[in-house]
Amino acid sequence: MVLQTLRKGASGWIAKIFLVVLTLSFVVWGIADVFRGMGASAVASVGGTEISAQVFRQQYLDQLQRISRQAGRAITPEQARAFGLDRQVLNQMIADATLDAEAARLSLAVSDAQIAREIADNPNFRAPGAKAFDPGYFQQILRSNGLTEQRFVASEKQRQVRDQLLQSLGAGVSVPQVLLEAVNRFEGETRTVSYIRVTPAAAGTLPAPTEDALRAYFDAHKLAFRAPEYRKISVLALTPAALSAGITVTDEDAKAEYDRTIARFGKPETREVQQIVFTSAADAAAAEEKIKAGATFADIAAARGLTAKDTDLGLVAKSAILDPKIAEAAFSLADGAVSAPVEGRFGTALVHVTKIVPSAFQPFELVKPQIVAELQLDKAKRIILDMHDKVEDERASGATLQETAQKLGLKLASFDVDRSGRDPAGASVEVPGGADVISGAFAAQPGVETDTVQLPQGGGFVWYETAAITPARDRTFEEAKAAVTARYTEAETEKAVEAKAKELMDKAKAGTPLAQVSAEADIPLQIAEGLHRGRAEGPFSAESVTSVFDVKEGGFGIALGTPEPDRIVFQVTKVEIPQQMPPDTSRVTQELSRQLENDVLVQYLAAIQKELGVKINERLFAQAVGSSPAN
């Protein structure tokens, strides 16, 4: 996980797209034909390169946590296997091993000097506020993630060698014109429909459900109303916010920070300033004498043929005036006063102030709490890695999370949640570490030590353990009655809307004009023009639009409405297919080119794997993902 975080997009787009397409391709092809018995330590091999069960399992769990985080809920191992995640991760690792074997055959390599330059240029290896690479901070980050410098450098070399191979294979693929034209016709086709939107109100009022109907529905759907398994999770969250509460900031430090950054707490004094620059000090002195004799600054400017554009500096703050001497003179004058000659950078000048806008800053006492909180947070970010090491030392010594928290003055929180992160009352719970912690807790038994979760963007670290398990159970009808009533009503409403929509479509198909069907049902007839494939429009979701494009011109259909359970009864009244290519096809050409490059790369990889031979240990694979091995 740490490598993806530290690289911050270092991998090329070719590698990323290739591996995604490769994974999908393997899912389509299947890999059952390469499952064979192997040794006891490797889950798979490509030629002479083996993939250990331990490394595969760690990568599989990392990917499961990332997907859970993206989904915003914990994905169970059973769900992951149903989605094919276990096969996808293994296929990607097989692809990586294949690339490594081919790169070795071609003698591709990356120098130590190149890797060193890239690490030194990586801003993630700079301490907070630093502008240069910090070797000590780099080592600290690696230690906190269980890495050595040698392992990290070796991994970076391996990744860059793979990128070299992929980029050399995918370059220069051109898109055939006939393919461009076919894609243009497909993407550019539009349809116009007349439609009736059938809502629950249009379907009529449903009778109140009887007790017998609710009980029958409950008995038929008991599984949907089961109380899920809950786990009590003890969580030690080491975050800047958690550490900052125990950090002391003196009034002197807060005041110094206020003075240093005062500009963000208001507006500085500004002045409307004019200046006349003279070519000689004598001319400036002569002009000063004229002003003392009664002439105005404007008179002097006019006599020299200068306009306001030539003399006005505008309403400016002191820091906005480039010449320090002119700035000092301008902000020492009274309103309307003219300065004595000033020896500036560009000559001798007279300075005139025509308006003064006083400064307006929030007083220190008002913003002090904000400044203190910011300084506490800043200090917490600087010490968090040191505190991380202290926690790890305590864990290594055998201390429990509770003992560690007490000794280091940290807070140990407890959460009782199901797999989706909800408590027994059904409320969503904010667990530090989110889906990573929840999925990990549901994969562990009480008393078993779990892996540390590193929060993204330097957010800190989370240690957790499963404290107790409350098994799933069947709820009684009385417990679930409110939920049963809601579900039953939703289901009956959907049936009624669906039946009404089918009734209206059947009338239209029988020959009654859709406008007449609409009028008789007292539902307005509407028109949607210019519908495109894959684009939601009004009540038409992307899925609904797909239904529209499945019907021929003049035909009828029913599509899901937005929101559900609405249904849309529609008639396709017009189909338009573009006859000419658009003037700019760069976007489509670029996308097709990428897809063709990926096809070439997939075929190349398949050929290498056929030559090297791919084997998978079925028994170890099943054990690594937590399922029973196939018989």
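As the structure is a prediction and not an experimental result, all values here were calculated from the model.
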Carboxylate-amine/guanidinium proximity below 4.0 Å for D335 and R271: no

Charged N-O contact under 4.0 Å between E591 and R587: no

Min side-chain heavy-atom separation [X]-[Y] under 4.5 Å:
X    : Y    : value
D423 : F415 : no
Q274 : L350 : no
Q140 : D386 : yes

Has the side chain of [X] got a donor or acceptor atom that lies under 3.5 Å from a matching backbone atom of [Y]?
X    : Y    : result
T404 : T400 : yes
Q376 : I247 : yes
Q92  : V89  : no
R231 : A441 : yes

Intermediate values then yes/no, side-chain contact (heavy atoms from CB on, under 4.5 Å), Q445 and T466: CA-CA 6 Å; Q445 293 298 313; T466 302; over 6 Å; no

Atom pair CG (D299) and CD1 (I291), whose distance is rounded to the nearest 0.5 Å: 8.5 Å

Pairwise distance CD1(I276) to OG1(T348) - rounded to 0.5 angstrom: 13.0 Å

Residue pairs, two or more places apart or on separate chains, that pass side-chain hydrogen bond (donor to acceptor under 3.5 Å, both in side chains) and touch residues 237-249: none

Residues Q58, D62; criterion side-chain hydrogen bond (donor to acceptor under 3.5 Å, both in side chains); working and verdict: CA-CA 6 Å; Q58 184 59 54; D62 287 347; 3.0 Å; yes

Between F361 and F265, ring centroids under 6.0 Å: no

Ring centres under 6.0 angstrom apart (F152, F125): yes

Residues in ring-ring contact (aromatic ring centres under 6.0 Å, His included) contact with F297, at least two apart in sequence or another chain: H352

Qualifying salt bridge (charged side-chain N to carboxylate O under 4.0 Å, His left out) pairs, either residue in residues 304-324, two or more places apart: K318-E328

